There are 2 protein chains.
Amino acid sequence: MNDAVQAPFKAPTFQPLYRQIKDLLMERISSGEWSPGTFIPSETALATTYGVSVGTLRKALNELMAENVVVRQQGKGTSVATHDADHALFRFFNICRPDGERSMPVSIVLERRLRKASAAEAAELGIPAGGKVVHIARVRELEGKPAIYEDILVCAERFLGLEKQPEVLPNTLYHLYQQRYGMTVAHADERIVAICANDQQATSLGVAVGTPLLQISRLARDYQGRPVEKRLSMVSTQAHCYSNSI
Amino acid sequence: MNDAVQAPFKAPTFQPLYRQIKDLLMERISSGEWSPGTFIPSETALATTYGVSVGTLRKALNELMAENVVVRQQGKGTSVATHDADHALFRFFNICRPDGERSMPVSIVLERRLRKASAAEAAELGIPAGGKVVHIARVRELEGKPAIYEDILVCAERFLGLEKQPEVLPNTLYHLYQQRYGMTVAHADERIVAICANDQQATSLGVAVGTPLLQISRLARDYQGRPVEKRLSMVSTQAHCYSNSI
DNA sequence: TACAATTTGTGCGTATGTATA
DNA sequence: ATATACATACGCACAAATTGT
């Protein structure tokens with residue numbers, strides 16, 4: 001089925017067969033045809049439908065597995081990755097104790113409303129200037145003490161009604177994004193600077209004004225690299241730290 | 001779990017063939033038999049020497065390539081990865097401008113001497129208590145302005161003479177570690193907190209006392225996970241930030 | 001408990017394409 | 001142009017894990 005995808009000239013469009021298959025599979029996943037947590041057809045079934053050898057299809061699936069898009073299990077099958085697995089829960093949460101131990105954060109929502117995006121915010125989220133956003137402000141506690149103050153922004157059009165529903169927000173928002181809106185956060189870019197706590201941050205975090213904080217600016221993206229959420233976190237590093245393994 | 005009664009033999013030692021081959025290759029690389037930058041024998045040659053099929057050997061090499069241990073190039077061969085490639089240069093340097101642009105740091109050595117390690121330092125570096133370390137203190141400039149103050153510690157026994165030679169230290173120390181001492185930094189764990197600049201840091205970085213800084217504590221490890229270097233960096237985030245993609 | 005069916009994992013072989021020297 | 005080396009694609013056989021009968 002080499003003729004399914006043309007590519008007669010090698011110019012910039014050439015892709016090996018297994019990568020074309022990979023893209024086709026990815027499309028069916030990100031379109032929602034195969035939703036997170038469900039099992040996709042077996043290797044042999046997919047190989048026959050696409051008209052390629054099992055080995056070629058395996059290579060496509062293995063690349064998707066390497067990118068954490070699917071999970072493969074011997075004897076069971078291949079499922080689309082979800083965000084409710086433990087490791088995925090902490091994949092985007094890099095705050096831990098100085099000894100490396102991670103604990104579950106508890107979130108307290110301070111504010112939750114619909115508003116117009118600033119020019120900079122709209123540009124970062126990839127929405128038209130003056131578009132609306134849902135703004136969530138919350139404090140996250142670690143081991144019973146406030147540790148993180150967060151401002152969260154998402155496009156109101158793609159997250160319809162998020163300012164009202166659900167009544168109580170889970171502390172793992174990315175799971176909600178995936179379950180309720182079909183938006184899967186796959187990557188994120190973070191920029192970290194050091195700042196001094198202002199009045200509001202100091203009172204929210206229970207520290208003195210002027211205490212040094214980490215300010216983490218994060219842009220979360222989906223599989224296609226499109227912006228999903230912009231988040232600004234202020235972290236008190238009295239009892240915790242930002243952890244990164246490279 | 002059900003077969004806890006059984007499997008006394010295969011449980012701890014079983015590894016697929018391609019992974020055993022991978023370990024054998026890794027051993028010849030980390031032992032220095034195949035040094036960074038050199039080409040290793042071809043797939044077919046290695047397959048016959050180890051008595052496995054080419055496909056099995058390919059799978060071992062591809063895993064090593066995914067871990068950045070080797071670099072494979074069609075038509076040329078497979079070489080052991082080096083740290084002098086551009087992307088590798090910035091792999092362990094996450095400081096960039098707010099717009100994401102990265103620039104080459106320029107390093108000025110302030111101090112360079114042999115001394116005894118503290119108990120905590122020895123434990124982190126995995127050397128006996130009271131063992132000796134080479135201590136390097138330096139300031140790194142970005143775009144002409146001091147931006148980072150660093151304290152660097154390595155085991156003196158494994159880095160013999162580093163307190164004296166070479167006369168001038170390159171600003172990419174990891175490349176030196178690899179070239180001169182055969183120690184390749186493969187991974188690193190970083191912990192980041194926010195602090196206020198003290199007198200020494202303030203003067204070194206040209207900022208006011210009390211300015212918030214990022215304090216990055218890094219432990220660099222080789223392929224086997226053994227500690228190679230401990231580094232404490234103070235970063236002024238007036239003009240730069242810490243960047244992380246997840 | 002045993003067995004069979006399904007699905008992925010491993011290992012082998014071959015042929016051909018493409019980049020490099 | 002030739003030889004070498006890796007990349008792609010196909011096929012087959014069997015092992016191991018999971019599930020249901």
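If you're wondering where the values come from, they're calculated on a predicted model, not measured in any experiment. In the text below, chain A, chain B and the rest are named by the order of the sequence lines, each starting its count at 1.
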> Side chains of B:Arg191 and B:Ser217: is there a donor and an acceptor less than 3.5 Å apart?
Replying inline: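 Side chains of B:Arg191 and B:Ser217: no pair found under 3.5 Å.
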For a 4.5 angstrom cut-off between non-hydrogen side-chain atoms, does [X] reach [Y]?
{"X": "B:Trp34", "Y": "B:Leu25", "answer": "yes"}
{"X": "B:Thr56", "Y": "B:Lys59", "answer": "no"}
{"X": "A:Ile216", "Y": "A:Asn94", "answer": "no"}

What integer distance in Å separates [X]:[atom1] from [N]:[atom2]?
{"X": "A:Gln15", "N": "C:dT18", "atom1": "CD", "atom2": "P", "result": "14 Å"}
{"X": "A:Ile21", "N": "D:dC10", "atom1": "CD1", "atom2": "C1'", "result": "14 Å"}
{"X": "A:Glu63", "N": "D:dA9", "atom1": "CD", "atom2": "P", "result": "11 Å"}
{"X": "B:Arg19", "N": "D:dA15", "atom1": "CZ", "atom2": "C1'", "result": "16 Å"}
{"X": "B:Phe14", "N": "C:dG11", "atom1": "CZ", "atom2": "C1'", "result": "11 Å"}
{"X": "B:Phe39", "N": "D:dC6", "atom1": "CZ", "atom2": "C1'", "result": "11 Å"}
{"X": "B:Asn62", "N": "D:dA5", "atom1": "CG", "atom2": "C1'", "result": "14 Å"}

>> Counting only side-chain heavy atoms from C-beta out, which of D:dT8, C:dT10, C:dA19 sits nearest to A:Lys59?
In response: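 Nearest to the side chain of A:Lys59 among the choices is D:dT8.
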> From D:dA17, C:dT10, C:dG17, pick the nucleotide closest to the side chain of A:Gln74?
Replying inline: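 Out of D:dA17, C:dT10, C:dG17, the nucleotide with an atom closest to A:Gln74's side chain is D:dA17.
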>> Taking B:Glu27 first and then B:Lys22, would you say they form a salt bridge - that is, a charged N and a carboxylate O separated by under 4.0 Å?
In response: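 Between B:Lys22 and B:Glu27 there is no salt bridge, as every charged N stays at least 4.0 Å from the carboxylate O atoms.
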>> Any base atoms under 4.0 Å from B:Thr78, or only sugar-phosphate, or nothing? Heavy atoms, all strands.
In response: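 It contacts sugar-phosphate atoms only.
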> After noting the C-alpha distance and the side-chain angles of B:Glu229 and B:Tyr174, does the key distance pass the side chain to side chain donor-acceptor pair (under 3.5 Å) rule?
Replying inline: CA-CA 9 Å; B:Glu229 178 210 65; B:Tyr174 290 177; 2.8 Å; yes
I'd like a list of close polar pairs between nucleotides 12-16 of chain C and the protein, N/O only, cut-off under 3.5 Å.
{"from": "C:dC12", "atom 1": "OP2", "to": "B:Ser53", "atom 2": "N", "distance (Å)": "3.1"}
{"from": "C:dC12", "atom 1": "OP2", "to": "B:Ser53", "atom 2": "OG", "distance (Å)": "3.1"}
{"from": "C:dC12", "atom 1": "OP2", "to": "B:Thr56", "atom 2": "OG1", "distance (Å)": "2.3"}

Please state whether the phosphate of [N], meaning OP1 or OP2, lies under 4.0 angstrom from any side-chain nitrogen or oxygen of [X].
{"X": "B:Lys76", "N": "D:dC6", "answer": "no"}
{"X": "A:Arg58", "N": "C:dG9", "answer": "yes"}
{"X": "A:Arg72", "N": "C:dG9", "answer": "yes"}
{"X": "B:Gln73", "N": "C:dA19", "answer": "no"}

>> When both hydrogen-bonding distances must be under 3.5 Å and the geometry is Watson-Crick or G-U wobble, what is C:dT1 paired with, if anything?
In response: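 Pair assignment: C:dT1 / none.
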> Does a distance-only test, which skips hydrogens and angles, find a donor-acceptor pair under 3.5 Å between the side chain of A:Glu43 and the base of C:dG9?
Replying inline: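 Check fails, no donor-acceptor contact within cut-off.
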Name the atoms and distances for all side-chain donor-acceptor pairs under 3.5 Å in residues 158-172 of chain B, with sequence neighbours left out.
{"from": "B:Arg158", "atom 1": "NH1", "to": "B:Pro227", "atom 2": "O", "distance (Å)": "3.3"}
{"from": "B:Arg158", "atom 1": "NH2", "to": "B:Pro227", "atom 2": "O", "distance (Å)": "3.2"}
{"from": "B:Asn171", "atom 1": "ND2", "to": "B:Pro105", "atom 2": "O", "distance (Å)": "2.5"}

